[in-house]
Novice: 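My structure is below; once you've seen it, I'll send some questions.
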Amino acid sequence: MNFNLKLILPSVILAVFALSGLHAEEKSNAPVSKREVQAKLEYCKTCHGVQAQGFRGAYPMPRLAGQQPEYIENQLKAFIERRRSNPVMFNVAHVLSPAMLAALTHEFQTLDPKPLGGAPKDLAAKGKKIYEEGVAGTDIPPCASCHGPQAKGDGQFPRLAGQLHDYVTRKLTNWEKERGQDRAHPDTSAIMQPIAHDLKPDQIAAVAAYISTLD
Ligand code: HEC
Ligand code: HEC
């Protein structure tokens with residue numbers, strides 16, 4: 001028997017190195033299985049609705065269906081880093097691994113349920129005008145210029161179509177208390193801040209009613 005150890009050993013060592021290299025990569029961003037992603041998704045839907053269409057209760061749960069992946073990822077990171085304050089979502093988000101976080105964001109984009117509705121109908125016309133033209137005589141620009149003519153969003157600009165009107169009303173009313181809470185690390189919430197600040201309560205109610213009807 002003539003095992004050529006000199007030839008075999010280096011390849012064994014190389015193989016071990018290759019494996020340990022792979023392992024290090026997995027650790028930094030451990031992959032998640034389809035089953036794990038599905039199980040987590042079901043958990044998200046217990047609050048956000050069976051089709052992620054949102055849920056209208058005492059505390060409105062936002063619609064995530066059709067939402068932009070980049071926006072969802074930004075918000076989950078903001079909850080984790082407490083730049084966006086919400087005790088419920090901090091607890092939910094801070095246990096998500098980077099791989100799970102990335103996998104989840106893409107799942108929601110594929111869902112397309114009908115809007116939940118329920119907003120006062122008489123406000124929608126006034127809301128449409130604000131959405132498409134902004135508010136004359138103020139610095140409030142057309143919402144459409146960033147959120148898109150159909151309110152479908154784009155990247156860091158969230159989809160607003162079909163979002164629950166009571167959720168939108170709360171978010172626009174409380175913007176400065178909830179978002180951009182780490183002054184040393186300003187984030188994308190700063191783009192919306194002056195707009196949320198300048199909108200009057202009746203204008204918020206109108207534009208929230210309008211976008212909640214959009215498919
Ligand atoms: C126990 C209920 C609950 C569960 C479970 C839950 N959420 Fe939430 N989520 C909320 C609430 C309440 C809000 C609204 C927070 C606010 O008002 O700012 C929210 C907000 C969000 C937002 C921000 C939406 C927006 O339009 O800005 C994202 C993104 C989100 N959740 C993702 C998830 C994901 C992903 C999961 C599953 C891993 C999940 N949530 C599970 C209750 C929950
Ligand atoms: C200059 C661009 C721009 C304009 C114009 C704009 N937005 Fe935004 N909006 C943003 C960005 C960026 C975000 C995401 C903020 C973040 O990451 O926290 C946002 C977020 C929002 C959110 C939060 C969505 C959620 O799911 O929580 C609402 C509601 C909103 N905008 C409504 C409006 C309305 C209503 C108008 C018009 C009166 C408007 N926006 C005009 C850029 C804009």
Side-chain angles (χ1 to χ4, degrees), residues 36-49 52 54-55 57-80 83-97 100-109 127-135 138-148 151 153-175 177-181 186-200 203-212:
E36 288 172 293
V37 174
Q38 283 310 315
K40 190 57 99 172
L41 209 53
E42 289 311 310
Y43 169 65
C44 308
K45 289 174 178 176
T46 57
C47 284
H48 288 279
F55 181 80
Y59 197 102
M61 303 290 167
R63 172 188 173 113
L64 299 177
Q67 188 52 277
Q68 295 290 330
E70 190 182 336
Y71 173 74
I72 294 190
E73 189 158 352
N74 279 346
Q75 297 311 303
L76 291 174
K77 286 184 180 154
F79 288 127
I80 294 168
R83 284 180 278 112
R84 176 170 174 182
S85 64
N86 185 267
V88 177
M89 276 309 298
F90 171 78
N91 287 329
V92 172
H94 88 279
V95 299
L96 302 175
S97 72
M100 178 62 90
L101 202 141
L104 285 175
T105 58
H106 287 276
E107 293 292 328
F108 291 109
Q109 197 183 29
K128 184 179 196 307
K129 197 169 159 58
I130 296 173
Y131 189 85
E132 289 172 355
E133 297 167 23
V135 181
T138 73
D139 290 335
I140 299 169
C143 318
S145 64
C146 288
H147 293 280
D154 184 14
Q156 65 185 5
F157 301 104
R159 174 193 172 113
L160 299 175
Q163 189 51 278
L164 279 55
H165 75 95
D166 28 13
Y167 167 77
V168 169
T169 298
R170 281 174 190 232
K171 294 309 101 184
L172 292 177
T173 307
N174 297 321
W175 199 270
K177 287 183 225 141
E178 296 178 350
R179 306 225 192 181
Q181 297 304 298
D187 57 23
T188 42
S189 69
I191 304 169
M192 252 319 280
Q193 186 274 329
I195 300 167
H197 178 269
D198 288 355
L199 283 166
K200 305 250 178 319
Q203 295 164 341
I204 290 179
V207 78
Y210 171 64
I211 56 189
S212 74

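One-based numbering, in listed order, for ligands and for the atoms of each.
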Novice: Can you confirm whether S85 sits close enough to E178 that some side-chain heavy atom of one is under 4.5 Å from a side-chain heavy atom of the other?
Specialist: yes

Novice: Does H197 reach the main-chain N or O of Q193 with its side chain, forming a donor-acceptor pair under 3.5 Å?
Specialist: no

Novice: Does the side chain of I72 come within less than 4.5 Å of H106's, by heavy atoms?
Specialist: no

Novice: Mind checking whether R84 contacts ligand 1 via backbone (N, CA, C, O), side chain (CB onward), both or neither, at a 4.0 Å heavy-atom cut-off?
Specialist: side chain

Novice: Could you list the atoms of ligand 2 found under 4.0 angstrom from a heavy atom of C143?
Specialist: 34 (C), 35 (C), 36 (C), 37 (C), 38 (C), 39 (C), 41 (C)

Novice: Side chains of R63 and Y167, heavy atoms from C-beta outward: is any pair under 4.5 Å?
Specialist: no

Novice: Please could you name the atoms of ligand 1 that V92 approaches to less than 4.0 Å, counting only its heavy atoms?
Specialist: 4 (C), 6 (C), 36 (C), 37 (C), 38 (C), 39 (C), 41 (C)

Novice: Which option out of C47, C44, A52, S189 puts a heavy atom nearest to atom 3 (C) of ligand 1?
Specialist: C47

Novice: Checking contacts here: is it the side chain or the backbone of L41 that comes within 4.0 Å of ligand 1, counting heavy atoms only? Could be both or neither.
Specialist: neither

Novice: Could you list which atoms of ligand 1 come closer than 4.0 Å to a heavy atom of F108?
Specialist: 35 (C)

Novice: If you measure every N or O of H48 against every N or O of ligand 1, does any of those distances drop under 3.5 Å?
Specialist: yes

Novice: Do any heavy atoms of P62 fall under 4.0 Å from ligand 1?
Specialist: yes

Novice: For the residue pair H147 and F157, categorise the inter-ring angle as parallel (less than 30°), tilted (30 to 60°) or perpendicular (more than 60°).
Specialist: perpendicular

Novice: For ligand 2, which part of T188 has a heavy atom less than 4.0 Å away: the side chain, the backbone, both, or neither?
Specialist: both

Novice: Any N/O/S atom, side chain or main chain, of C146 closer to atom 8 (Fe) of ligand 2 than 2.8 Å?
Specialist: no

Novice: What protein heavy atom is closest to atom 11 (C) of ligand 1, reported as residue, atom name and distance in Å?
Specialist: M61 SD, 3.8 Å

Novice: For a 4.5 angstrom cut-off between non-hydrogen side-chain atoms, does L199 reach I140?
Specialist: yes

Novice: Atom 28 (C) of ligand 1: which protein heavy atom is closest, and how many Å away?
Specialist: L64 CD2, 3.7 Å

Novice: Is atom 8 (Fe) of ligand 1 less than 2.8 Å from at least one N/O/S atom of M89?
Specialist: yes

Novice: Ligand 2 versus Q203, non-hydrogen atoms closer than 4.0 Å: side chain, backbone, both, neither?
Specialist: neither

Novice: So is Q75 close enough to ligand 2, meaning a heavy atom under 4.0 angstrom away?
Specialist: yes

Novice: So, H48 side chain and P62 main chain: donor-acceptor pair closer than 3.5 Å or not?
Specialist: yes

Novice: Within the 4.0 Å heavy-atom shell around Y167, which atoms of ligand 2 are there?
Specialist: 25 (C), 26 (O), 27 (O)

Novice: Any N or O on K171 sitting closer than 3.5 Å to an N or O of ligand 1?
Specialist: yes

Novice: Would you mind listing which atoms of ligand 1 come within a distance below 4.0 Å of any non-hydrogen atom of L76?
Specialist: 32 (C)

Novice: Quick check: do L164 and F55 have side-chain heavy atoms less than 4.5 Å from each other?
Specialist: no

Novice: Would you mind listing which atoms of ligand 2 come within a distance below 4.0 Å of any non-hydrogen atom of V168?
Specialist: 29 (C)

Novice: Taking heavy atoms and a distance under 4.0 Å, where does Y131 meet ligand 2: side chain, backbone, both or neither?
Specialist: neither

Novice: Report, in ascending order of atom number, the atoms of ligand 1 lying under 4.0 Å from any heavy atom of Y43.
Specialist: 5 (C)

Novice: Could you go step by step and tell me if Y131 and L160 meet the side-chain contact (heavy atoms from CB on, under 4.5 Å) rule?
Specialist: CA-CA 11 Å; Y131 189 85; L160 299 175; 4.2 Å; yes

Novice: Which atoms of ligand 2 are found less than 4.0 Å from any heavy atom of V207?
Specialist: 35 (C)

Novice: Looking only at heavy atoms of P141, does any of them come nearer than 4.0 Å to an atom of ligand 2?
Specialist: yes

Novice: List every atom of ligand 1 that sits less than 4.0 Å from any heavy atom of Y71, numbering the atoms from 1 in the order shown and giving each element.
Specialist: 25 (C), 26 (O), 27 (O)

Novice: Out of K77, M192, R170, whose heavy atom is nearest to atom 6 (C) of ligand 2?
Specialist: M192

Novice: Heavy-atom contacts with Y59 under 4.0 Å: which atoms of ligand 1 show up? List them by number with element.
Specialist: 12 (C), 16 (C), 17 (O)

Novice: Using 4.0 Å as the upper bound for N to carboxylate O, is an ion pair formed by K77 and E73?
Specialist: yes

Novice: Is there a donor-acceptor contact under 3.5 Å from the side chain of S189 to the main chain of G180?
Specialist: yes

Novice: Show me which atoms of ligand 2 lie under 4.0 Å from any heavy atom of I191.
Specialist: 1 (C), 2 (C), 12 (C), 42 (C)

Novice: Please lay out, stage by stage, how T173 and I204 fare under the test side-chain contact (heavy atoms from CB on, under 4.5 Å).
Specialist: CA-CA 8 Å; T173 307; I204 290 179; 4.1 Å; yes

Novice: Under a 4.0 Å heavy-atom limit, does W175 contact ligand 2 with its side chain, its backbone, both, or neither?
Specialist: side chain

Novice: Tell me the nearest of Q67, Q163, Q193, R179 to atom 27 (O) of ligand 2, using heavy-atom distances.
Specialist: R179

Novice: Give the atoms of ligand 2, by number and element, whose distance to some non-hydrogen atom of S145 is under 4.0 Å.
Specialist: 5 (C)

Novice: Backbone, side chain, both or neither: what part of L160 comes under 4.0 angstrom of ligand 2, heavy atoms only?
Specialist: side chain

Novice: Quick one: does Q67's side chain have a donor or acceptor within less than 3.5 Å of a partner on R159's backbone?
Specialist: yes

Novice: Any idea which of I72, N74, N86 brings a heavy atom closest to atom 15 (C) of ligand 1?
Specialist: N86

Novice: Under 4.0 Å from ligand 2, counting heavy atoms only, is it the side chain of P142, its backbone, both or neither?
Specialist: backbone

